[in-house]
Amino acid sequence: MAGTTPNRWFVLAVLFTARVTMAFQFQAVAALSPVYMQVFGVGLSDIGFLIGLYLAPGLIIALPGGAIGQRFGDRRVIAFGMGLMLAGALVMLLLDSWGGQIAGRLLAGTGGVLLNVLMSKVVTDYFAGREIATAMGIFVNSWPVGIAAALLVLPLVATGGGLALALGAVLASTAAGLAVFLWGTAPTAAGSAGAAPKERLRGAPLAAVLCAGAIWGLYNGALGMVFGFGPAMLVGKGWSLAAASATTSVTLWLVAVSVPLGGYLADRTGQRDAVMVAGFAAFAALLILAPSSGNNALLVFALLGLSAGLSAGPIMSLPAQVLGAGTRAVGMGIFFTLFYVGVVFAPVVAGIAAQRTGLAGVAFYQGAVMLAACGLALWAFRGLARGRAG
């Protein structure tokens, strides 16, 4: 990066704030799912499709995303991505049809892919080898904060003013995020922390990045079961939409506590794998328990939040363990491609299963299976990383 390098913690704060609005936009469909079902006459499988559609462009764009930022500048491409998010929000507000919702969701999601890949790369550039798990824990925390805010705010807005007003709130939030990013970053502040010659990614490092990306995709897919199908599950048990969304948001607010805590513990103790595995196990057990929690639902959802976030920071620190500066752009693109595979297909599969069984809670069981797979992928990653070191 040319010029004076800005304070890395300030850069992290700006990226965090801007990414919160992306999570807010992503969560709008799930938070408003009963309203969508009523207005457009769709079912749970359609809702699952629309949830996953926001992330679908990542299947194609994530892989070259890092290289695009390297060519045109990370700040410029991130701002362009936020502009696409803004345009997508406007389309969803103005086009009062299911087709319009699909088109706007795809447009916004395309911009979101660029944010995810490039912002994560920038954080890695600034913090590789220096409190990386803590920094990634803070950065990743923008997602549950935005999700929880959407679950808390959007149903109340929709109750008072309908779907149009709620979508208007999403538009305003996205515009605010773009303004904060442009105001808080100089032209060089969201670029690479240092230029490096390109290197070819292959062999054990490539395989290790594939494992790390699989972990991140499976983990986020499992987390998506909570905020994607939690409200519908509770509404199906007789809860009001406002109460169901508020209870689900408790999980996400507490994830906002456990994510940075997990990153701090991993950096402080050096036991990143132990923190990850403990988080996977506790999270999976509570997912299995949640559908039958009855009157203890609020407690179970709170415990979900306290356990679910512990693994996030350590997972996001995995790529930095096998990627050098010269392979980081391509490596992060691969990492996020697998992330998008997990988060795109998980809600679709869960939505179909919920539709066929008539039970939204089946999505929680699917999440537990995905977390078990995370443990296997971590074992494979560690073997590959040791082989690279040797």
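Quick caveat, the model's predicted, so the values are computed rather than measured.
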Identify every side-chain donor-acceptor pair in residues 158-167 under 3.5 Å, counting partners at least two apart or on other chains, and give the distances.
from, atom 1, to, atom 2, distance (Å)
Thr159, OG1, Pro155, O, 2.7

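Sequence neighbours left out, the pairs with a member in residues 141-179 that pass ring-ring contact (aromatic ring centres under 6.0 Å, His included) are Phe26-Trp143. The stretch residues 204-217 participates, sequence neighbours left out, in no side chain to side chain donor-acceptor pair (under 3.5 Å) pair at all. Within the structure, no pair that satisfies the ring-ring contact (aromatic ring centres under 6.0 Å, His included) test touches residues 267-313, not counting sequence neighbours. Residue pairs meeting the ring-ring contact (aromatic ring centres under 6.0 Å, His included) criterion with at least one member in residues 55-101, sequence neighbours excluded: Phe40-Trp98. Within the structure, the ring-ring contact (aromatic ring centres under 6.0 Å, His included) test picks out no pair touching residues 344-370 (sequence neighbours left out).
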Exercise. Yes or no on side chain to side chain contact (heavy atoms under 4.5 Å, CB included) for Tyr54 and Met22, after CA distance, side-chain angles and deciding distance?
Worked result: CA-CA 10 Å; Tyr54 187 90; Met22 176 189 171; 3.6 Å; yes

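Annotation for Ala368 and Ala284: closest pair CB-O, 3.8 Å, computed over non-hydrogen atoms. Heavy-atom minimum distance, Arg75 versus Phe181: O-CE2, 3.7 Å. Here the closest heavy-atom approach between residue Leu55 and residue Tyr340 is recorded as O-CD2, 3.0 Å. The two residues Met136 and Thr124 make their nearest non-hydrogen contact at CE-OG1, 2.9 Å. When every heavy atom of Leu115 is checked against every heavy atom of Gly81, the shortest pair comes out as CD1-C, 3.9 Å. Nearest heavy-atom pair, Val226 versus Thr251, reported as atom, atom and distance to 0.1 Å: CG1-CG2, 3.8 Å.
Checked against side-chain hydrogen bond (donor to acceptor under 3.5 Å, both in side chains), Arg19 has the following partners two or more places apart in sequence or in another chain: Asn116, Ser142. In terms of the side chain to side chain contact (heavy atoms under 4.5 Å, CB included) criterion, residue partners of Ala207 (sequence neighbours excluded) are, by chain and number, Leu384. Qualifying side chain to side chain contact (heavy atoms under 4.5 Å, CB included) partners for Leu261, counting only residues two or more places apart in sequence or in other chains: Leu265, Leu310. Under the side chain to side chain contact (heavy atoms under 4.5 Å, CB included) criterion, Ala346 pairs with Met225, Gln366, Met370, not counting sequence neighbours. Annotation: side-chain hydrogen bond (donor to acceptor under 3.5 Å, both in side chains) contacts of Gln27 (sequence neighbours excluded): none. By the side chain to side chain contact (heavy atoms under 4.5 Å, CB included) test, Ala133 pairs with Ala266, Asp267, Arg272, Ser317, sequence neighbours left out.
Considering CG of Leu234 and OG of Ser293, their distance stands at 7.5 Å, rounded to 0.5 Å.
Panel note: side chain Gln355, backbone Gly43; no donor-acceptor pair is recorded below 3.5 Å.
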